[in-house]
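Right, one structure below, let's go through it.
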Amino acid sequence: MLPTCVRKMDDSFMKQKDYVIDAMRKNGGYATLRQLNYLVDVSTWGTKTPFASIRRIVQVNNEFFKIQPGLWSLKECEQDVLRKFNIIKNNKNSVDTFTHSYYQGIIAEIGNIRNKDTYVPPQDKNKLFLERKLSEVTSIDHIYEFTYPDLLKRARTVDVIWFNERKMPCAFYEVEHSTDIKNSLNKFYELQDFRARFVIVADEERHRQFDDVMKSSIYNPIRSLVEFVVYDSLVNQIKQFAKKAGFLYYSKVPWKKGTFVSNTGRKAKNTQDVMIFSKGKARNMRYDKKKSDETGEKCYMSGCKGMLPTEFDVQAVSKKDRIHQSELPIALCEQILDYVTYEGEVVLDSFAGSGVVGEAALMMKRNCILIEIMKENIEKIKRRFEGKIWFQTVMGS
């Protein structure tokens with residue numbers, strides 16, 4: 001059922017701002033900037049920087065209002081959206097609660113993307129991150145027993161914890177929207193012997209307060225260990241991580257695993273994010289209708305072929321049919337490759353696993369190069385391709 005604020009819009013009269021409004025209406029009256037990057041149809045805009053244009057549109061037009069950094073809503077949908085997020089206008093407590101859980105959710109999402117196990121305290125699990133409970137965002141239900149009971153009891157109250165593959169904490173995050181920063185620093189003081197990041201996340205206005213508190217001699221042992229991260233920079237961290245690795249963030253599309261619900265010993269889930277990055281500026285694959293009409297020739301602009309879907313709805317590979325623990329379905333790989341590649345191009349998978357990306361590529365008339373370090377996986381890849389498609393093993397031993 002569409003939300004009450006959704007209205008139909010005539011494409012022939014749409015301006016750039018109208019496309020953003022229409023996309024936001026279809027999304028329930030609100031959207032993050034990341035969502036808008038793939039929800040808004042920019043194929044007729046004729047601009048080389050459509051995503052910068054989207055950001056400018058929501059910032060300068062009165063039809064939009066900012067809920068939090070990176071999260072915007074339509075003014076016409078304000079009541080619906082605030083009700084959806086349990087925000088009572090001019091009620092500080094409800095705003096504080098939403099803000100706190102919103103940034104907990106962002107921190108957990110970043111941790112998930114970085115392949116960390118993510119945890120929030122039991123009392124926060126039912127709080128909302130957008131329209132999902134925090135328990136649906138984090139990857140573990142219970143904290144790992146990584147230390148003595150007294151310290152573990154203290155750690156359980158930290159807003160978000162990231163754990164590495166050895167089930168040891170690698171980052172502790174405290175969101176300090178309105179509470180006493182000293183409480184968070186006291187937790188970090190007790191946990192200082194662990195080789196982990198200690199991060200206070202708050203509004204820039206609290207930075208001076210943080211600096212003043214840290215001057216106290218009691219915090220000398222942790223002064224060099226604790227970071228202060230402002231809200232705005234946290235929202236952009238995913239892009240920053242990619243940029244350091246030489247990639248530019250393009251978009252994110254959730255993969256809904258059909259009716260399948262996975263349980264890997266952590267939490268039962270049926271969604272997983274597909275992140276799309278480019279090495280440098282995204283190449284010109286997106287049809288530019290406006291320029292094509294003007295020139296009489298087919299013209300393309302930066303971006304994927306066609307509009308990315310709001311989600312990939314593909315049944316996951318059942319446990320009995322898998323030949324690798326994290327095997328993707330061929331249909332999902334084919335859909336992704338169809339958006340980002342052309343026939344005859346070369347697809348590289350440097351962590352081949354079961355070889356499913358290679359099979360999808362060859363079935364779609366692409367060439368592929370698969371790299372896999374584990375000998376048993378190489379044998380599985382060979383068996384996958386036998387009798388189906390031509391392949392060659394290079395340095396297979």
Side-chain angles (χ1 to χ4, degrees), residues 32 34-35 68-71 99-147 152 154-177 184 187-188 191 194-202 225-245 247 249 251-255 262-277 326 351:
T32 65
R34 281 191 293 161
Q35 288 175 318
Q68 293 291 341
L71 177 62
T99 302
H100 193 274
S101 59
Y102 174 68
Y103 287 105
Q104 281 180 286
I106 289 177
I107 295 165
E109 277 204 328
I110 294 171
N112 294 337
I113 291 168
R114 299 194 70 184
N115 206 27
K116 307 299 182 185
D117 285 349
T118 51
Y119 163 89
V120 296
Q123 66 269 23
D124 293 340
K125 288 180 179 180
N126 289 324
K127 293 179 180 177
L128 290 179
F129 170 59
L130 301 181
E131 294 185 67
R132 290 187 293 168
K133 293 180 180 179
L134 284 173
S135 61
E136 297 171 355
V137 180
T138 54
S139 61
I140 57 175
D141 276 323
H142 304 287
I143 195 169
Y144 293 135
E145 296 186 5
F146 62 90
T147 187
L152 198 64
R154 190 65 159 158
R156 282 193 181 96
T157 66
V158 175
D159 286 333
V160 184
I161 305 177
W162 293 356
F163 289 91
N164 61 25
E165 66 277 5
R166 295 178 301 281
K167 299 183 179 180
M168 292 297 290
C170 57
F172 297 95
Y173 287 88
E174 281 282 286
V175 179
E176 284 298 340
H177 184 63
S184 296
K187 295 178 189 179
F188 292 166
L191 297 164
F194 293 95
R195 188 178 179 181
R197 292 180 66 202
F198 298 91
V199 185
I200 299 289
V201 180
L225 303 178
V226 182
E227 305 170 49
F228 185 96
V229 174
V230 299
Y231 289 150
D232 286 332
S233 65
L234 182 70
V235 173
N236 293 320
Q237 271 199 22
I238 296 175
K239 296 180 182 179
Q240 292 167 5
F241 293 143
K243 193 172 183 180
K244 285 181 180 179
F247 293 93
Y249 173 82
S251 188
K252 178 184 80 168
V253 182
W255 165 33
S262 64
N263 192 332
T264 61
R266 300 195 299 178
K267 290 182 65 172
K269 287 194 171 186
N270 74 332
T271 59
Q272 184 175 327
D273 289 334
V274 176
M275 306 289 292
I276 301 175
F277 298 86
S326 57
F351 302 94

message = Could you check whether any side-chain heavy atom of Pro69 comes within less than 4.5 Å of a side-chain heavy atom of Tyr103, counting everything from C-beta outward?
response = yes
ask   = Angle class for the Phe146/Phe172 ring planes (parallel below 30°, perpendicular above 60°, tilted otherwise)?
value = tilted
message = If you compare all heavy atoms of Thr99 against all heavy atoms of His177, which two are closest, and at what distance to 0.1 Å?
response = CG2-ND1, 3.4 Å
Side chains of Val253 and Trp255 in contact at under 4.5 Å (non-hydrogen atoms) = no
query = Strictly by modelled atom types, are Tyr173 and Arg197 linked by a side-chain donor-acceptor pair under 3.5 Å?
reply = yes
ask   = Is the count of non-hydrogen atoms from other residues, nucleotides or ligands lying under 6.0 Å from Lys133 atom NZ greater than 12?
value = no
request  = Taking the side chain as every heavy atom from C-beta outward, state whether Asn112 and Val137 have any pair of such atoms under 4.5 Å apart.
outcome  = yes
ask   = Should Phe228 and Ile200 count as side-chain neighbours, where that means a heavy-atom distance under 4.5 Å?
value = yes
task = Report the distance from atom CD of Glu109 to atom OG1 of Thr118, rounding to the nearest 0.5 Å.
result = 9.5 Å
ask   = So, His100 versus Asp159: side-chain donor-acceptor pair below 3.5 Å or not?
value = yes
ask   = Do the side chains of Phe188 and Leu225 get nearer than 4.5 Å, heavy atoms only?
value = no
ask   = Under the 3.5 angstrom rule, does the side chain of Tyr119 hit a backbone N or O of Val158 as a donor-acceptor pair?
value = no
inquiry  = By the definition side-chain contact (heavy atoms from CB on, under 4.5 Å), identify the one residue from Ile161, Leu191, Asn164 that meets it with Pro169.
reply    = Ile161
key: Side-chain touch Thr32/Leu130, heavy atoms, less than 4.5 angstrom   = yes
key: Heavy-atom check, side chain of Tyr231 versus side chain of Val175, under 4.5 Å   = yes
inquiry  = Atom CD of residue position Glu165 - does it have more than 12 heavy atoms of other residues, nucleotides or ligands inside 6.0 Å?
reply    = yes
request  = Would you name the heavy atoms of Arg156 and Pro122 that are closest together and state the gap between them?
outcome  = O-CD, 4.3 Å
key: Sidechain-backbone polar pair: Lys125 side chain, Thr138 backbone, donor-acceptor under 3.5 Å   = no
ask   = If we only count heavy atoms from C-beta on, is the Gln104 to Pro121 side-chain gap below 4.5 Å?
value = yes
key: Ser101 (side chain) donor-acceptor with Phe129 (main chain) under 3.5 angstrom   = no
query = To the nearest 0.5 Å, what is the distance between CG (Leu134) and CD (Glu136)?
reply = 9.5 Å
ask   = Any idea which heavy atoms bring Glu176 and Ala202 closest together, and the distance?
value = O-CB, 3.2 Å
query = Say you draw a straight line from OH of Tyr102 to CG of Leu71; how long is it, rounded to the nearest 0.5 Å?
reply = 4.5 Å
query = Does any N or O in the side chain of Thr147 come within less than 3.5 Å of the main-chain N or O of Leu152, such that one atom is a donor and the other an acceptor?
reply = no
